[in-house]
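What follows is a short report on a single structure.
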Amino acid sequence: MKERLIENALRAAGRRPPPSEEATQRAYQTAREEWQRVVRRQTRGRRWLGMTGLLAASVLAVALIIAFWPAAPGPRIVAEVVRTQGVSNYRGRGHTTEVVRVRDAVPPGAVIETAPQGRLALRLTAGHSLRLDHATRIVAVSPREFRLEYGRIYVDSGDAAAGESVRIDTTLAAISDIGTQFQVSSSSAALRVQVRDGAVTLSGAEANSAVAVATGEFAELTADRRLTRGATDTFGTEWAWVAAAAPELDARERRLDRILAWVCRELGFRLRYADARTREMAVEVRLDGSLEGLSPQESLEVLQRVTNFSYRQNAGVLTLETLDANR
Amino acid sequence: MQPQFENDADLVAALLAGVPAAFEQYFHGSYPRLFRFALRRLGRPELAEEIAQEAIIKGLRRLSDFRGEAALLTWLCTICRSEIAMRRRRHPEPEPLQAVLEDDPGVRAALELLADGPAEPEAMAHRAETIALVQSVLDFLPAPYGDALEWKYVDGLTVAELAVRLGRTEKATESLLTRARDAFRRAASDLFAEGVELVRP
């Protein structure tokens, strides 16, 4: 009888409403990055405590003098190189030019330039992904401030902590993100900003006011200060270079739903599951083997071949549906 | 999946030590529950998702402050309440029509302590407030009791299917279901023993 009452109560209540898959993926990625930052801070703190303990112990043996660590003069790195294609160079404060390699640390003041066939992806210490297209030069002013001297860059703040905004200065205007994916093309003749997701503000384009550019919009400012605004696609050929320069997916990732979230983020698609059953199955499917070295588009093509789902892409929406033998 | 860290103190220690399984347990154990906690107060799923994400992240930033005096979920709900309050200050909105029962001090204490109760639960009417209360109880039970009860009685999984999902033997799963039912019964008993009025204006 007791169990019957509980059973009735639970059946009457029904299933607890879950958060959406998209929100869950987004929260997971953001939280994971924050957790990694927390762990790094913990590790540095423990190392610092260990070193001061050792120092105090050795000093006490000689004299009763306490040493203090000097305050850090400023951040020593602003970004880490996570992917390169072709050749890219950087010039540090010492004015020597070096070839950029994966895992290189970028110090403040570094000038980074990609060759005509080169591309580069950076992970900023603030958490953003910043990518350089062919023939692009930037100056890494600080962890959250970069100057785009010419060329084209893409910024994705998806993994950055809330409130960690990045500012991109150009000769014509400055762009600040508000939780976004956007690209900026800059030359002496014009500046063009396209927003895939979120919003940016453009400062210096109009006197005494900042211009907001939101999802699916572009703003173009010419050297003679003419500002044009309009709608733009958030996926397709104009964004193809972004996916080509994307940092690789973690080779250990096997969960289909997370792989799909990465693919869709990089290709600018919205992911939609045809029904709840498809969503549940996507969470449970684990890939046998890795997609290491594959681009997002190549990864999607592999998934279409090896998984038991149909993938329909239309107007920027990727719909996943189970393949049912009885249909 | 069976939780690897059985108590909150071990989970937090493992999180701070950078153990990946700890993060998985923290996120997947907390995010959906915080979402529902926020949803019951705000009534808007997208906003609740946003608030729950903020609470999860702030919880990570303040992990070193967690003392274990309350359950980790309770602690995270406190952060979530604060986020909701800040949001309401910035964007005043009409209060949801249905009062949130778990904000009643007696109800909150019952959910948090899950102490033994003397009485059997009475037959429950099928009302929206009761549903919310039952779902709150499930969320506040220690993991994976809430999930196990939902999978068994709402989704209709067999014990064998549950065992696979939980990564346990069938015997261990039966034992877990017994403990889960006992925990649910005690929580519900306490709520009725407190004389909580299930219908609020």
Side-chain angles (χ1 to χ4, degrees), chain A residues 1-46 49 127 158-164 179 198 250 252-255 257-258 276-277 280 283-284 286, chain B residues 15-20 22-24 26-28 30-36 39 45-46 48-50 52-54 56-64 120-127 130-139 146-147 149-150 152-156 165 180-181 184-185 188:
Chain A
M1 282 301 291
K2 295 176 188 178
E3 185 178 339
R4 177 59 58 87
L5 283 172
I6 292 171
E7 194 176 329
N8 289 344
L10 290 169
R11 287 225 173 93
R15 178 161 262 286
R16 292 167 291 171
S20 69
E21 189 57 40
E22 198 182 329
T24 303
Q25 295 290 353
R26 193 166 51 236
Y28 179 89
Q29 293 293 340
T30 309
R32 192 174 172 86
E33 281 297 317
E34 184 61 35
W35 170 64
Q36 287 167 343
R37 272 192 283 272
V38 167
V39 171
R40 279 197 293 270
R41 276 198 296 269
Q42 283 284 117
T43 309
R44 278 199 296 270
R46 279 198 291 272
L49 282 171
D159 290 337
E164 292 270 8
D250 188 337
R252 295 164 297 178
E253 185 56 77
R254 294 285 187 271
R255 263 177 67 161
D257 60 322
R258 289 184 193 155
R277 177 167 166 257
E280 282 166 13
V283 169
E284 287 171 9
R286 300 286 184 274
Chain B
L15 270 169
L16 290 170
V19 176
F23 174 78
E24 299 295 314
Y26 169 79
F27 180 83
H28 294 293
S30 307
Y31 180 68
R33 291 151 133 187
L34 289 173
F35 161 74
R36 285 188 285 272
L39 183 64
E46 282 178 6
E49 284 164 352
E50 207 179 292
Q53 177 177 312
E54 275 308 303
I56 280 278
I57 286 170
K58 288 198 173 160
L60 285 167
R61 289 181 187 152
R62 296 180 200 169
L63 268 182
S64 306
E120 292 293 336
E122 298 169 14
M124 295 186 200
H126 295 274
R127 296 168 295 188
T130 308
I131 290 171
L133 184 62
V134 168
Q135 293 183 345
S136 292
V137 171
L138 288 179
D139 272 341
D147 288 340
L149 289 174
E150 190 171 75
K152 173 87 171 72
Y153 295 112
V154 178
D155 295 344
R165 197 175 276 200
R181 283 192 293 267
F184 182 90
R185 183 182 307 117

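Each chain gets a letter, A, B and so on, in the order its sequence line appears, and its residues count up from 1. Quick caveat: nothing in here was measured; it's all calculated off a predicted structure.
Contact of Glu50(B) with chain A is not made at all, since no heavy-atom distance falls under 4.5 Å. The part of Ile56(B) that comes within reach of chain A is its side chain, from C-beta onward, which places non-hydrogen atoms under 4.5 angstrom from that chain. Contacts between Arg36(B) and chain A at a heavy-atom distance below 4.5 Å involve the side chain alone, from C-beta outward. For a residue to count as touching a neighbouring chain, one of its non-hydrogen atoms must lie under 4.5 Å from one of that chain's; by this rule Asp139(B) touches chain A with backbone and side chain alike. Contact of Pro32(B) with chain A is made through backbone and side chain together, with heavy-atom distances under 4.5 Å. At a 4.5 Å heavy-atom cutoff, the contact between Glu284(A) and chain B is made by side-chain atoms alone. In this structure, chain A has a heavy atom under 4.5 Å from the side chain of Phe35(B), while its backbone stays farther away.
For the residue pair Gly14(A) and Glu150(B), the shortest heavy atom distance occurs at O-OE2, 4.2 Å. A pairwise comparison of heavy atoms in Phe23(B) and Tyr28(A) identifies CE2-CE1, 3.5 Å as the closest pair. When all heavy atoms of Pro19(A) and Tyr31(B) are compared, the closest pair comes out as CG-CE2, 3.6 Å. Nearest heavy-atom pair across Gln135(B) and Arg15(A) is NE2-O, 3.4 Å.
To the nearest 0.5 Å, atom CG of residue Leu60(B) and atom CD of residue Gln36(A) are 10.5 Å apart.
The residue among Pro18(A), Pro17(A), Ala23(A) with the most heavy atom pairs within less than 4.5 Å of chain B is Pro17(A).
The backbone N or O of Leu15(B) lies less than 3.5 Å from a partner atom in the side chain of Trp35(A), making a donor-acceptor pair.
At a threshold of 4.5 Å between non-hydrogen side-chain atoms, the residues Asp147(B) and Arg16(A) count as touching.
Salt bridge annotation for Glu280(A)-Arg165(B): absent, with no cationic side-chain nitrogen under 4.0 angstrom from a carboxylate oxygen.
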